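First up is the structure itself, then whatever we jot down about it.
This structure is a prediction, so every number in the text was calculated from the model and none was measured.
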Amino acid sequence: MEKRAQVAVVGAGHAGVESALACARMGIDTILFTMSLDAIANMPCNPSIGGTAKGHLVYEIDALGGEMGRGADLVTMQARTLNLGKGAAVHSKRVQADRMKYRSIMKRALEDTPNLRIIQAEIVDITTEAMGDIKKIKSVKTHLGEEYFVDCAILCTGTFLNGTIHTGSVCYSSGPDSLLSATHLTDALAREGISMMRFKTGTPARIHADSIDYSKLEIQNGDADQLPFSWQTPEDEYARSEQTPCYIVYTNAKTHEIIKSNIKRSALYSGNIHGTGPRYCPSIEDKIVRFADKERHQLFVEPMGSDTKEMYLQGFSTSMPIDVQEEMVHSLVGFENAKIMRYAYAIEYDCTDPQELLPTLEYKKISGLYGAGQFNGTSGYEEAGAQGLVAGINASLKLKGEEPLILPRSSSYIGTLIDDLVTKGTSEPYRMMTSRSEYRLLLRQDNADRRLTPIGRKVGLVSDAQWSAYLEKQDKINAEIERASHTIIRPSEELSELLESLGTSKITVPTQLSELLKRPQLDYENLAKFDTSRPEMKKSIIFCAQTEIKYEGYVKKQLLEVKRNERMEARALPQDIDYTQVKGLRIEAQQKLNKVKPITLGQASRISGVSPADISVLLIYLENK
């Protein structure tokens, strides 16, 4: 029997789930391969979704028609918004999620989707065929000997490729959570000319909840009246949902002494680990060495789910042997009698060089083959989901003969993430942060739908229901901004007292509500008594309208900057240029440009090693050509 599909998605982690759903929902015959049906959308590390800049990615995934936000809302145990002391641009939602329920919900979403088959099998090989100067994907092969002929394949292998677990001097072949390692596909990819890298990540121990003395810990409650990630989640119901407390504990001098005296027993410092680890999420022994002046480090005690006693010790990732792990855990206040249910470990895995990919996430030298998620050198569930969604969209558009989706940096954190990867590459697991975007004020959580839902609608992922909800929301926001600009607040003694108590000057003449809202000390809540014509509105409408009003001047400036850069982004660079033949380019620039093969002048300008002088040379070259 000849087995065929239009798209094969390899791996059912967070990237694979979004890829498969995107393809199937766009009408493409899709097969999703997973090594275990019981580990679909698994969270092998912290069962949380969102966080600084990561929350932005989840909102953007939802705005484009993805699934992660809806799933996260349904399994929220605690919700908080980070960076509330700063401007709205960096407010980032984070939820503690029930990991088992999340897996179940995402698996069911896949099972209920037409055009999608899910098969438990390991992909061990791919085949290609010649297509002019490049190759084209032809098929994928399973460990059971089956061959599936496909038009496109999306590799979402996570940390499974040649996965190796390290705990002290003990190391063995394994994927995360004691799942099987994928031990054959790397060789097949290397044979096809794909460059591979070796990265490392890790996870902390899990502690039995009943063995912790919570009276000695700081309690960390969730934020009241939270907004959901997804347009599908009713705001009122979500805000009323019960929240589970988390806790804070700190390392101490005893903890640090245990780590220092055993540092050479750590797989990280013994020389056993050769892969590069994440800079922004280091192991605890790495923190002790790198930040020797710090007397303590903050750790978070977080639940793994509502139906388990496992507690996650965030910030305590380690590759120490288990006897040292026991000592380290018992040195923490409140953990003197703690019982470890799962020991911490580090995991090394193979991933690809993302500079071999186009901004569509398709390989430059293998047509129809895409990469997404940790396979592309990133870390985090949210970064994976975002890439998976874009890869799935682009594979589908390719098969339909339509223009690809390339999100500019000014449109989204997803666009920033992908541009960073394919343009600059990465020498360590890449993590999204708000500081990576030069357009932070435009790329807020609250306006993700305004930025991206029309794009999701155009490619065919945004349903009629989502589109209708989006249009209604935007109409209400625009109406409220208009109302605020025409609503006059008159001076009064009571208002003057309020303004002075908040540290802002009183008004002496009738003033537009919108002008008052631009003051940093004022918001809708503290002006409610004086805004007598205000209609009933959802919290999301109020927040969006208020943010648009407050940052109007700054947003206009940033939009002008986007417009200035658009000319560079619009100047296409032919893909057949041999940059060694462009006179005036420095040797380093020639080498970097030939490796990346930028598609626009704007992308070329962001390549490390390409100077403004090199860009001037390219401009002259294009004019002459």
Side-chain angles (χ1 to χ4, degrees), residues 17-28 30 55-74 93 105-106 108-110 112-116 227-238 382 385-386 388-408 410-415 442-482 535-545 547-548:
V17 166
E18 296 292 350
S19 280
L21 287 173
C23 291
R25 288 169 174 171
M26 290 173 71
I28 301 300
T30 307
H56 292 70
L57 289 172
V58 181
Y59 275 103
E60 291 180 354
I61 290 169
D62 189 72
L64 282 168
E67 195 70 16
M68 180 176 276
R70 185 188 77 93
D73 288 342
L74 291 173
K93 180 180 171 67
I105 284 169
M106 299 305 265
R108 186 60 184 266
L110 293 165
D112 288 342
T113 300
N115 307 315
L116 178 57
L227 289 172
F229 278 124
S230 178
W231 69 275
Q232 299 180 71
T233 308
E235 285 184 24
D236 293 342
E237 289 180 23
Y238 189 78
E382 305 81 3
L389 180 60
V390 171
I393 289 172
N394 277 314
S396 301
L397 292 174
K398 183 184 183 75
L399 294 175
K400 292 181 175 187
E402 297 177 17
E403 286 294 311
L405 174 65
I406 298 176
L407 295 171
S410 57
S411 74
S412 56
Y413 277 96
I414 297 178
L442 300 179
L443 311 183
R444 307 184 308 274
Q445 287 187 155
D446 65 275
N447 68 358
D449 53 357
R450 181 171 284 201
R451 292 182 278 115
L452 296 175
T453 297
I455 296 173
R457 180 68 171 178
K458 182 180 177 183
V459 301
L461 269 186
V462 168
S463 65
D464 290 344
Q466 183 175 357
W467 184 243
S468 178
Y470 163 77
L471 292 177
E472 182 182 355
K473 179 183 176 183
Q474 298 312 311
D475 285 345
K476 288 181 178 179
I477 293 170
N478 293 334
E480 179 53 24
I481 292 172
E482 181 71 14
E536 282 290 322
M537 291 180 289
K538 289 182 178 179
K539 183 182 175 183
S540 59
I541 305 297
I542 292 174
F543 186 79
C544 290
T547 306
E548 292 285 346

- Can you list the residues that meet the salt bridge (Lys or Arg N to Asp or Glu O under 4.0 Å) rule with D449, with sequence neighbours excluded? K473

- Which atom of L110 lies closest to which atom of A20, heavy atoms considered: CD2-CB, 4.3 Å

- Message: Restricting to side chain to side chain contact (heavy atoms under 4.5 Å, CB included), what partner residues turn up for T113, sequence neighbours left out?
- Response: L21, A24, R25, L116

- Would you check if L407 and L452 make a side-chain contact, meaning some heavy-atom pair closer than 4.5 Å? yes

- Query: Going from CD on E382 to CD on E18, what distance comes out if it is rounded to the nearest 0.5 angstrom?
  - Reply: 11.5 Å

- Would you mind telling me which of R451, E60, H56 makes a side chain to side chain contact (heavy atoms under 4.5 Å, CB included) with I414? E60

- Please round to the nearest 0.5 Å and tell me the distance separating atom CD of Q232 and atom CG of L74. 8.5 Å

- Should M68 and D62 be marked as a side-chain contact (heavy atoms from CB on, under 4.5 Å) after you check the CA-CA gap, both sets of side-chain angles, and the distance that decides it? CA-CA 7 Å; M68 180 176 276; D62 189 72; over 6 Å; no

- Task: Work out which heavy atom in M537 is nearest to a heavy atom in I542; give both atom names and the distance.
- Result: CE-CG1, 3.7 Å

- Item | Heavy-atom donor-acceptor pair, D73 side chain to F229 backbone, under 3.5 Å | yes

- Query: SG/C544 to CG/N478 distance, rounded to the nearest 0.5 angstrom?
  - Reply: 10.5 Å

- Hey, does the Lys NZ or Arg CZ of K93 hover above the aromatic six-ring of Y59, less than 6.0 Å from the centre and inside 45° of the axis? no

- Report the residues that fulfil side chain to side chain contact (heavy atoms under 4.5 Å, CB included) with E235, sequence neighbours left out, ordered by chain and then residue number. L227, P228, K538, K539, S540

- All side chain to side chain contact (heavy atoms under 4.5 Å, CB included) counterparts of A391, not counting sequence neighbours: S19, I154, L361, Y370, A372

- Note on the structure: Between L389 and A22, the two heavy atoms sitting closest are CD1-CB, 4.0 Å

- Item | Closest non-hydrogen atom pair, K400 against M26 | NZ-O, 2.7 Å

- So does E402 have more than 12 non-hydrogen atoms from other groups sitting under 6.0 Å from CD? yes

- Measure the spacing between CG of L442 and OG of S412 and express it to the nearest 0.5 Å. 11.5 Å

- Message: Among residues at least two apart in sequence or on other chains, which ones pass side-chain hydrogen bond (donor to acceptor under 3.5 Å, both in side chains) with K476?
- Response: E472

- Message: If I compare all heavy atoms of G69 with all of S230, which pair ends up nearest, and what's the gap?
- Response: C-CB, 3.8 Å

- CD1/I541 to CD/E480 distance, rounded to the nearest 0.5 angstrom? 9.5 Å

- Minimum heavy-atom separation for C23 to S396, with atom names? CA-OG, 3.3 Å

- Task: With side-chain hydrogen bond (donor to acceptor under 3.5 Å, both in side chains) as the test, would you mind laying out the steps for N115 and T30 before giving the verdict?
- Result: CA-CA 6 Å; N115 307 315; T30 307; over 6 Å; no

- Item | CG on L399 to CD1 on I28, rounded to 0.5 Å | 5.0 Å

- Item | Q445 (side chain) donor-acceptor with V58 (main chain) under 3.5 angstrom | no

- Just jot down the side chain to side chain contact (heavy atoms under 4.5 Å, CB included) partners of R457, sequence neighbours excluded, or say none. V462, D464, W467

